[in-house]
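Hydrogens, waters and symmetry mates play no part in the numbers below; they use all other heavy atoms, side chains included. When a residue number appears, it is its place in the shown sequence, counting from 1. Bear in mind the structure is a predicted one, so any value in this text is a computation, not a measurement.
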Amino acid sequence: MNFKDLLEKENLVLVDFFTEWCGPCKMMAPIIEKVKSKSGSGVRIFKVDVDKNPSVIHQYKIMGVPTLILFKHGKIVWQHSGMISEQSLLQHIQSNSN
């Protein structure tokens, strides 16, 4: 199964586009982990290193990292670049989980 098929198959998928050298990306990692534990099976979360997968930069119009994109059945329902709080991220996930 490829990445696109996975996005379309799952109800809700949060993708964290990052790089290893990005300071804000490293600061987002524990926030993403907390969101993952609090969301349970309500959302699948994937990390994609844009340095190792450069085609995603153009495909999803990523201008900087970290960039978070929330997909619902393969369609983008929310996108954010930069840091975001755990509470805000959980709100976006919950508001799109219906």
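Between atom CD1 of residue Ile69 and atom CH2 of residue Trp78 there is a gap of 9.5 Å, rounded to the nearest 0.5 Å. Here CD of Gln94 is found 10.5 Å from CG of Leu12. Values are rounded to the nearest 0.5 Å. The NZ atom of Lys61 sits 8.0 Å away from the CD1 atom of Ile76 when rounded to the nearest 0.5 Å. Rounding to the nearest 0.5 Å places CG of Asp16 at 10.0 Å from CD of Glu33. Here the NE2 atom belonging to His92 is positioned 4.5 Å from the CD1 atom belonging to Ile84, to the nearest 0.5 angstrom.
Within the 4.5 Å cutoff, the side chain of Asn53 has no heavy atoms near those of the Phe17 side chain. Looking at heavy atoms from C-beta onward, Ile32 lies in side-chain contact with Leu89 at the 4.5 angstrom threshold. Within the 4.5 Å cutoff, side-chain heavy atoms of Met28 are placed close to those of Leu68. Contact check for His73 versus Glu8: no side-chain heavy atoms found under the 4.5 Å cut-off. Annotation: side chain of Lys72 is not in contact with side chain of Val13 (no heavy-atom distance under 4.5 Å).
Two rings, from Tyr60 and Phe71, have their centers less than 6.0 Å apart.
The main-chain N or O of Lys36 is never found under 3.5 Å from a side-chain atom of Ser39 such that the two would form a donor-acceptor pair. Between the side chain of Ser85 and the main chain of Ser88, a donor-acceptor pair closer than 3.5 Å is present.
More than 12 heavy atoms of other residues, nucleotides or ligands sit less than 6.0 Å from atom NZ of Lys47.
Between Lys38 and Glu86 there is a salt bridge, with a side-chain nitrogen of the basic residue lying less than 4.0 Å from a carboxylate oxygen of the acidic one.
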